[in-house]
Amino acid sequence: MAATYSNGEWLKHLFTVGRKKDCDKLVKLLNDKYDGKAMLCKNGRSALTLALKAYFEPNDKILVNGFTCFAVYEAIKAAGLQPVFVDISRESLNFTAETLTNAIKNRPEATLEDKNNSASDSYKGKNRQGGVDAGSSNIRGIIVQNTFGIPVDMKKIEEFAKKHDLTIIEDLAHCAGVRYPDGRQAGTVGAATVLSFGKDKSIDTVSGGAVVLRQDAKHDIKAPDKSPKLSDHLRARFYPMWGACCRSLTYIGLGGALMRLLVKARLVERSADNKLDISRRPSKFEARRAYAQIMDLRRTGEPVLREYCFVHDRAELLKKLQKQGYYFGGLWYEKPVSPERYYDMVDFPEEQCPNAVYVSQHIINLPVYCTKHDLKPAVKTISQYLEKGEKSE
Ligand SMILES: *Cc1c(COP(=O)(O)O)cnc(C)c1O
């Protein structure tokens with residue numbers, strides 16, 4: 001993971017020259033590594049949209065982790081499909097064969113209950129979605145995301161998919177380079193493999209992504225060939241520099257303020273706001289950077305994308321940490337589908353995903369840009385807030 005851009009990495013990022021041959025080299029690397037046909041994309045959500053368009057029919061339903069980011073939901077919708085959110089296990093932050101089976105089993109009942117409730121008008125809340133209005137018959141696919149780099153038990157997921165005739169899409173935004181318990185590499189199992197090169201992802205060149213079609217597509221997909229917008233290109237170039245500025249100011253408590261200012265001035269774009277566009281490719285220099293990072297995966301082994309733990313009273317803890325000079329602006333997954341400001345658009349089935357709701361309320365991620373030493377005072381504070389049963393390190 002290169003998310004930190006420490007030690008002058010931002011300078012390199014600013015001045016890396018990319019050419020067409022860098023794009024070709026990256027395509028070839030992805031073709032070989034994931035044994036398919038790769039296309040470079042503007043970002044991960046555009047790549048996921050292309051994968052979904054390639055293998056599914058409009059209105060097909062897709063099983064998806066009930067703890068994920070809005071980009072995934074956005075891609076499913078953009079492909080004309082319907083998400084079916086599945087609850088996670090608190091240990092792996094992923095769905096399991098068990099929660100998947102439950103999700104499919106409970107659907108007809110959910111339909112009835114749902115109708116009764118809305119008819120009696122006593123039904124508020126936002127849990128009517130999840131595709132509970134139809135039988136499981138048109139569930140056709142499943143997106144495996146291996147949250148934060150924690151792998152699913154892929155053998156079991158494959159069995160489940162086979163039994164229900166589902167096409168598997170692997171989303172490597174969190175887990176490039178990770179291996180499943182049976183030793184296979186993430187991205188070498190499903191019909192298609194999706195990569196994001198976005199901020200804080202396991203391959204991080206600020207933006208960009210790729211899709212690798214590993215099986216024959218049902219629908220023809222046009223490889224993105226339009227150049228990126230100049231504004232997007234420049235934002236990607238300068239973001240690591242701004243990041244470095246903010247981090248140095250964090251120690252005097254101004255990092256967060258500067259970042260908010262930069263966002264306001266549109267010099268920095270928040271990750272979730274990166275527009276979906278299936279017609280554009282990434283910048284060539286990003287392709288070059290991504291190539292180097294993917295080659296590096298072999299050396300660095302299996303990355304854990306984010307350290308996390310569950311705490312009670314997260315709001316209070318975050319306030320305390322801020323007083324200590326930590327800017328935890330990068331809190332991930334404060335809602336089952338994050339970020340919070342898009343959550344209302346999702347219509348998430350909270351009652352069917354209690355673990356996802358619990359985790360989203362109690363999780364805290366450690367900033368990736370601090371060293372262990374820098375974090376010591378923070379860890380001490382956090383340890384006072386750990387949920388019962390969790391060990392502090
Ligand atoms: C961020 C993310 C994506 C999409 O990445 P972008 O490059 O930001 O579009 C896809 N899947 C998951 C699980 C992600 O966290």
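First listed ligand is number 1; within each ligand, the first listed atom is number 1. Computed from a prediction, not measured in an experiment: that's the story for all the values here.
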A.B. asks: Report yes or no: does Asn274 have a heavy atom closer than 4.0 Å to ligand 1?
C.D. replies: no
A.B. asks: Side chains of Ser46 and Asn43 only: does a donor on one sit below 3.5 Å from an acceptor on the other?
C.D. replies: yes
A.B. asks: Using a strict cut-off of 4.0 Å, indicate which atoms of ligand 1 neighbour a heavy atom of Ser196.
C.D. replies: 5 (O), 6 (P), 7 (O)
A.B. asks: Pick out which of Ile157, Thr101, Asp87, Asn355 makes a side chain to side chain contact (heavy atoms under 4.5 Å, CB included) with Phe95.
C.D. replies: Ile157
A.B. asks: Have a look at ligand 1 and work out which part of Gln145, if any, has a heavy atom under 4.0 Å from it: side chain, backbone, both or neither.
C.D. replies: side chain
A.B. asks: Can you tell me if Cys69 contacts ligand 1 (heavy atom of the residue under 4.0 Å from the ligand)?
C.D. replies: yes
A.B. asks: Would you say Pro224 and Leu40 make side-chain contact, with heavy atoms under 4.5 Å?
C.D. replies: no
A.B. asks: Using a 4.5 Å cut-off on heavy atoms from C-beta on, say whether the side chain of Val72 contacts that of Lys77.
C.D. replies: no
A.B. asks: Report the residue from Tyr333, Phe348, Tyr358 that forms a ring-ring contact (aromatic ring centres under 6.0 Å, His included) with Phe67.
C.D. replies: Tyr333
A.B. asks: Tell me whether the NZ or CZ atom of Arg214 lies within the 45° cone about the ring axis of Tyr34 and under 6.0 Å from its centre.
C.D. replies: no
A.B. asks: Considering only heavy atoms, which of Ile203, Leu48, Asp171 lies nearest to atom 13 (C) of ligand 1?
C.D. replies: Asp171
A.B. asks: Given the ring of Tyr291, does Lys25 sit roughly above its face, with NZ or CZ under 6.0 Å from the centre of the six-membered ring and within 45° of the axis?
C.D. replies: yes
A.B. asks: Does an N or O anywhere in Ser271 fall below 3.5 Å from an N or O of ligand 1?
C.D. replies: no
A.B. asks: At less than 4.0 angstrom from any non-hydrogen atom of Ala173, what atoms of ligand 1 do you find?
C.D. replies: 2 (C), 3 (C), 10 (C), 11 (N), 12 (C), 14 (C)
A.B. asks: Does only the side chain of His174 get under 4.0 Å from ligand 1, or the backbone, or both, or neither? Count heavy atoms.
C.D. replies: side chain
A.B. asks: Mind checking whether Gly44 has an N or O less than 3.5 Å away from an N or O of ligand 1?
C.D. replies: yes
A.B. asks: Pick one of side chain, backbone, both or neither for how Tyr333 approaches ligand 1, counting any non-hydrogen atom pair under 4.0 Å.
C.D. replies: side chain
